[in-house]
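What you see below is based on every heavy atom in this structure, not just the backbone, and it leaves out hydrogens, waters and symmetry mates.
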Amino acid sequence: GAADSTFSAIMSGSGSVHVSSGTRLILNNANNAYSGGTIVSNGWLTASGANTIGTGTMTIRGGRWSSQNGGSTFTNAVVLDGNAAFGWSNDGITLTGPVTMTRDCTLTSSVWMVINSGPAMSGNYTLRFVGPGGNAGISRDNSGWGGAVMVDMNSGVLFRIGHANAIGSGTLTLKGGTVCPPDGADVTVAAATPVVLDGDMAFGWVKSVNFAGPVTLAGSHSVTNNKNTTFQGAFSSASRYTLSKWGAGGGLYISGDNSAYTGDWAAVQGTLYFSAANSVGRGSLSAGAGATLQLNVAADWTLTNDLAGGGTVNVGSGTVNRNLTLAGSRLDPGTATNAGILTIQNTGGASYNAHVTLTNTASAYSRLTIDVLGGNAVAGTDHDQLKLIRGNLGGLANADLMVNIPSSLSASDLAGDVLTMATNLNGTVSGVFRSVSFTPGWTGAVTYNASSILLSELHPVVNGMVIRIR
């Protein structure tokens with residue numbers, strides 16, 4: 001029938017218990033000593049305590065294995081030979097015995113399922129964790145294990161990594177959920193473990209998790225930081241994807257050599273840190289409103305990357321001036337649909353500057369783009385603005401100025417508007433733009449004098465440079 005079956009008597013001998021029906025079997029005698037093992041291939045086994053499944057091997061081929069009394073730790077050897085579910089209600093499963101995989105398996109955690117301290121796992125197969133509402137994790141030293149782990153948990157569900165070598169030398173594929181260590185200490189996953197980011201992920205909970213191995217970005221995905229997270233290995237991707245940093249609870253630190261990487265980086269919330277120029281790679285950088293890009297404060301920077309957004313770029317926080325050279329880059333404050341201010345600064349104090357120089361490469365000149373969104377422009381509201389807190393803006397002769405004006409606006413809509421391109425300079429604006437151009441097809445009666453960078457009146461002033469359209 002469909003009713004639960006409960007065995008309370010002591011079970012002994014060399015025989016085995018096989019759960020193969022669609023019903024539930026409950027073993028609740030803590031003195032069970034049968035040695036032939038337990039097999040779950042269908043149905044549901046509830047083992048109410050650590051010794052209720054005897055001394056033999058637990059083989060999981062399907063069905064569900066749960067415990068009682070708030071969860072139990074099992075020392076039996078376990079063979080994972082199929083897809084199965086673990087836990088129920090408040091009753092999770094913790095394993096401390098040997099774990100052997102005989103095929104690729106998917107484990108669904110309803111409460112928690114932890115492969116805790118014990119001997120290294122064996123069987124070079126893929127272990128996929130899914131959790132609609134239950135946490136999971138691996139906390140043992142799996143050095144030498146070549147299996148792979150896939151974390152495909154629901155948003156907000158935790159997967160805990162409790163040892164640097166918990167994943168062994170196989171690939172850790174992250175498709176969803178929150179990856180974090182147990183609450184006791186930070187963990188850095190060893191360099192022997194490659195990481196694939198194949199979904200939107202969150203990192204950190206009470207403590208931080210970091211990754212020393214190479215990282216493959218399998219699509220454009222987001223990372224939400226509850227605590228600081230560092231990726232020490234080099235990034236790669238099959239196409240030009242974007243990694244977006246969310247969450248104000250911790251920073252995202254990129255410190256590997258990404259000189260060959262072409263992917264893009266976006267700080268949407270919080271701070272995205274880069275330890276060196278080669279950590280950025282060759283993709284674009286953007287900082288959203290309220291977010292920060294932090295470039296290593298210990299050196300001047302020369303970037304060929306495009307730089308955009310309405311957030312903040314920190315190029316120093318020490319007791320020296322810092323220089324940011326943009327070589328063949330596209331400098332685009334705000335966006336075409338959301339004008340804003342892109343702030344570049346040295347946070348070391350009122351005496352220390354962050355100077356910005358525009359220059360060119362052998363194949364490209366830098367370009368500063370200003371987007372005009374409406375008439376009667378207000379700096380940073382109706383158009384974009386570059387804001388340098390304590391610094392100079394130089395090298396304009398190596399750059400082009402592009403003014404994007406919507407086709408819906410006419411010259412009369414813009415009459416008398418003043419567009420401030422750079423403000424808060426405590427130094428100078430040097431050079432004359434190589435060229436000044438407007439949105440192709442815009443027919444408003446705007447003129448400029450390139451020799452004196454006048455756009456009717458385009459000239460350096462105390463607070464930067466203005467364009468007056470009239």
So, the side chain of Thr369 versus the backbone of Arg330: is there a donor-acceptor pair under 3.5 Å, distance only? no
Would you check if the distance from the ring center of Trp65 to the ring center of Trp44 is below 6.0 Å? no
Under the 3.5 angstrom rule, does the side chain of Asn165 hit a backbone N or O of Asn142 as a donor-acceptor pair? no
Does Leu127 reach the side chain of Ile115, with side-chain heavy atoms less than 4.5 Å apart? yes
Could you tell me whether the side chain of Ser279 reaches within less than 4.5 Å of the side chain of Gln232, counting heavy atoms only? no
Sole candidate of Asp384, Leu331, Leu388 that passes side chain to side chain contact (heavy atoms under 4.5 Å, CB included) when paired with Leu342: Leu331
For Ser110, side chain to side chain donor-acceptor pair (under 3.5 Å) partners two or more places apart: Arg64
What I'd like to find out is whether the side chain of Ile254 reaches to under 4.5 Å of the side chain of Leu272, using heavy atoms alone. yes
By the definition side chain to side chain donor-acceptor pair (under 3.5 Å), identify the one residue from Thr229, Asn225, Thr271, Thr292 that meets it with Lys245. Asn225
Check: Ile53 main-chain N/O paired with Asn32 side-chain donor or acceptor under 3.5 Å: no
Taking ring-ring contact (aromatic ring centres under 6.0 Å, His included) as the definition, give me every residue that meets it alongside Tyr34, ordered by chain and number, with sequence neighbours left out. none
Side chain Asn296, main chain Ser275, donor-acceptor under 3.5 Å: yes
